[in-house]
There are 4 protein chains.
Amino acid sequence: MVKKYGEKYHAIIDAAIKVIAENGYHHAQVTKIAREAQVADGTIYLYFKNKEDLLISLFRLKMTRFVEKVKQKVDLVHSVEEKLHQLIYMHFKQLAMDPHLAIVTQIELRQSNRNFRKEIGSTLKLYHLLIEDLIRFGIEEGKFHDDVDIRLMRQMIFGTLDETATSWVMKDMKYDLLALVEPVFSLLMNGLKRK
Amino acid sequence: MVKKYGEKYHAIIDAAIKVIAENGYHHAQVTKIAREAQVADGTIYLYFKNKEDLLISLFRLKMTRFVEKVKQKVDLVHSVEEKLHQLIYMHFKQLAMDPHLAIVTQIELRQSNRNFRKEIGSTLKLYHLLIEDLIRFGIEEGKFHDDVDIRLMRQMIFGTLDETATSWVMKDMKYDLLALVEPVFSLLMNGLKRK
Amino acid sequence: MVKKYGEKYHAIIDAAIKVIAENGYHHAQVTKIAREAQVADGTIYLYFKNKEDLLISLFRLKMTRFVEKVKQKVDLVHSVEEKLHQLIYMHFKQLAMDPHLAIVTQIELRQSNRNFRKEIGSTLKLYHLLIEDLIRFGIEEGKFHDDVDIRLMRQMIFGTLDETATSWVMKDMKYDLLALVEPVFSLLMNGLKRK
Amino acid sequence: MVKKYGEKYHAIIDAAIKVIAENGYHHAQVTKIAREAQVADGTIYLYFKNKEDLLISLFRLKMTRFVEKVKQKVDLVHSVEEKLHQLIYMHFKQLAMDPHLAIVTQIELRQSNRNFRKEIGSTLKLYHLLIEDLIRFGIEEGKFHDDVDIRLMRQMIFGTLDETATSWVMKDMKYDLLALVEPVFSLLMNGLKRK
DNA sequence: AATGAATGAGCATTCATTCAT
DNA sequence: CATGAATGAATGCTCATTCAT
């Protein structure tokens, strides 16, 4: 394998996202990705161990950036409410800004096999930690409940964001995902119950 | 095709669940399913149009029952709090009681192709409706917020239950899912914010 | 195997002709033939050893009748010219009168396998003999050349009739096959050469 | 698909002819053809869209050459009698020289399905045209009858040659096909009738 | 005699990966 | 570094035939 992270490395990853988004996971053959990246089939194997490695690298690269950008914005504000608000905003914002990526992460890559899904899980751990840190901060500040399992709170937050985003993609992104930032924030904070 | 819904029909579906749970979606060959169901390969095609039809039928049958059982219990109680509580309990209970089914619905069937996922979506609609009815009832009773989109509330409830269940399966079901009924209920009702 | 030549025996053969003519040789499944004949699949195996036996029986029965009818008419006339004329007429007449049979014998049954084609050959032998008798009669009468191989003359006669009939079927029987009796007779008698 | 008409392209076609001739149309599996051509199964699909495409290509290539060679020789001579004589000679000559091809074209490929047979028909059209041109030439020269349908004359010529060749193959090529050139020529020219 | 549910052998095709150039 | 022709393992489905009823 050669100088990773070179020009072609990114060309191949971007080609893969485009091909998967446009053709679906199961029709994203290596040949198609190579053609889109304007390299030969064999070249892909100079940069990636195999197809799975390409997909994992793709997911890692994009998700790391995704989480970094969320973290950046979350760090800029100081109250836990503002932090959660930023988290939701940035989560939705990034998906709304990159429809190809949204399709790939919310829909297509979920059709991958077991091993890959485990890998996805481990990559998402960064995001989970970010959310859990936020929750811990909220508890320390006395703003969040201190008698509920943090992991569970994280699952509610992530599960809600993920389900909301997936539904939006499945509905062909026909409505404005960002319009949901406010009500989702309110729901997560206050729950279903009217006080 | 022959008298559907006979003894073999169910034997094949149950065999499929077992084989998929144990081998993963992509290694669940028709031959393996047939052997597990103790029928010939060709017999499967007397009861199902093709492999996809088998998988869709499997999902429909099991999910319909799943939703029916949830609904049954939800209908038995009268306050919206009790109803939501029952919903969470039954959702987790049924997955906890049938680990094979849990693996298949939470993990394996999600790696299916686009068409199939659409079919999954349409089957889940029943469940979505059930949850939305519950929310509407809560709003009418004055117990739930009336200023948040019902679909969004549903996405929070379903997203939270689904993410919680998937995490549990991914962690090899090593902890007690039912122990989460109470805190999940509390979280969904009250949100993250400490009053 | 049971009382051959019973009512169902013929029902099955007629059903086979219809199904083959309408669906083509390769789509003529035993099940379809059974349904058309209004018997169970298994019943066919009470009357025929296997599918090939059914097809061979079909061809034998129909070709035997075909040849018999030709012979009947040929026997009624006395000069070799009249006999040949009758042969051509009856050959075309019978195909024109039974389009299903024409499709089956000229097109569909030719897609059968080696063994079957041999069987076809042996069944056609009757017809070949009839034609060769006619030729021999012509030679004895001094009307036909006596210096050409009889088998060759027969191949010219049969080849011409067969090619003419096949072309007619391939052209969807859009023109009148019987209109060709006269010119074909003339061609076979006089050859291409203008005297 | 890769550079067609290369070395392997012809190796595959020749392998197909051999395998079909030796095993029969229905036992000519792709794997067998690949092994005979000393390539991998998948390689066949680099040169042909699918198995049917291979068979059609085979027939087209061989028949086109067949017709070309006939035409070449027919063009070298000037009288219509000589032309017809050459046609018969070349038709028989080429089959006699390549027994595998003879089996494949006279017997095996006729068991193919409807679509394929249509393709065969369209490829044979070239040959039909060649024969019809010859007939037209004979008529213009005043040598052939001008009161018989040209298509019918062609059907007599082709039908006779084809039936003669098929019979020869069915008799396991036990006699000399070329010995029939003279009498077939004479028969076609003069017909059955002794003058 | 008749039924029809059950059987299971057989095969074209795809596509990730390699390696000689 | 890059190419792309060649590889070959892996599998869903059909349908003639059987046999318990």
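Throughout, protein chains are lettered first and strands after them, A, B, ... in sequence-line order, and every chain is numbered starting at 1. All figures in this text were calculated on a predicted structure; none of them were measured in a lab.
- Following rounding to the nearest Å, C:Ile12 (CD1) and E:dA1 (P) show an atom-to-atom distance of 12 Å.
- Summary of the strand contacts: D:Gly42 and A:Gly42 both lie near DNA chain E, and taking for each the nucleotide with the nearest heavy atom, the more 5' one is attributed to D:Gly42.
- Counting only heavy atoms from C-beta on, D:Tyr45 has its side chain closest to E:dA12 among E:dA12, F:dT3, F:dT17.
- Atom CG of A:Leu124 sits about 4.5 Å away from atom CZ of A:Phe59, to the nearest 0.5 Å.
- Across residues 20-41 of chain B, B:Gln29, B:Val30, B:Asp41 each have a non-hydrogen atom less than 4.0 Å from an atom of DNA chain F (numbered order).
- For the pair B:Glu108 (side chain) and B:Gly24 (backbone), a donor-acceptor distance under 3.5 Å is absent.
- Here the side chain of A:Thr105 pairs a donor or acceptor atom with the backbone of A:Leu101 at under 3.5 angstrom.
- Between the CE atom in D:Met170 and the CD atom in D:Gln106 there is a gap of 11.0 Å [rounded to 0.5 Å].
- Annotation: the span from C:Ile33 atom CD1 to C:Leu58 atom CG amounts to 8.5 Å, rounded to 0.5 Å.
- One atom, NZ of A:Lys49, and another, P of E:dT18, lie 11 Å apart when rounded to the nearest Å.
- The shortest distance between the side-chain N/O atoms of A:Lys8 and the OP1/OP2 oxygens of F:dA2 is below 4.0 Å.
- Which of F:dG12, E:dT14, F:dA2 sits closest to the side chain of B:Lys51 comes down to F:dG12.
- At whole-Å resolution of the value, CZ in B:Phe48 and P in F:dG12 are 15 Å apart.
- One can place CD1 of B:Ile44 at 13 Å from P of F:dT14, the figure rounded to the nearest angstrom.
- If you measure from atom OH of A:Tyr47 to atom C1' of E:dT17, you get 18 Å, rounded to the nearest angstrom.
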Original post:
In dot-bracket form, how is DNA chain F paired, counting a Watson-Crick or G-U wobble pair only if both its distances are under 3.5 Å and using | for bases paired to another strand?
Top reply: .||||||||||||||||||||

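- Which of F:dT7, F:dT3, E:dA1 sits closest to the side chain of D:Leu46 comes down to F:dT7.
- For B:Asn50, whose side chain is taken as the heavy atoms from C-beta onward, the closest listed nucleotide among F:dA6, F:dA2, F:dC13 is F:dC13.
- With respect to the salt-bridge test (charged N to carboxylate O, under 4.0 angstrom), the residues C:Asp14 and C:Lys62 qualify.
- Computed from coordinates, the C:Tyr9 OH to E:dA1 P distance equals 15 Å when rounded to whole Å.
- Counted within 6.0 Å of NE2 on A:His27, heavy atoms from surrounding residues, nucleotides or ligands total 12 or fewer; the atom is thus considered open.
- Map C:Glu52 and D:Thr43 each onto its nearest nucleotide of DNA chain F; the residue landing nearer the 5' end is D:Thr43.
- Counting to the nearest Å, the P atom of E:dT13 and the CG atom of D:Leu54 are 10 Å from each other.
- The backbone N or O of C:Val39 sits nowhere less than 3.5 Å from a side-chain atom of C:Thr43 that would complete a donor-acceptor pair.
- Summarising the geometry of A:Asp53 relative to A:Phe48, their closest heavy-atom pair is OD2-CA, 3.5 Å, with the distance given to 0.1 Å.
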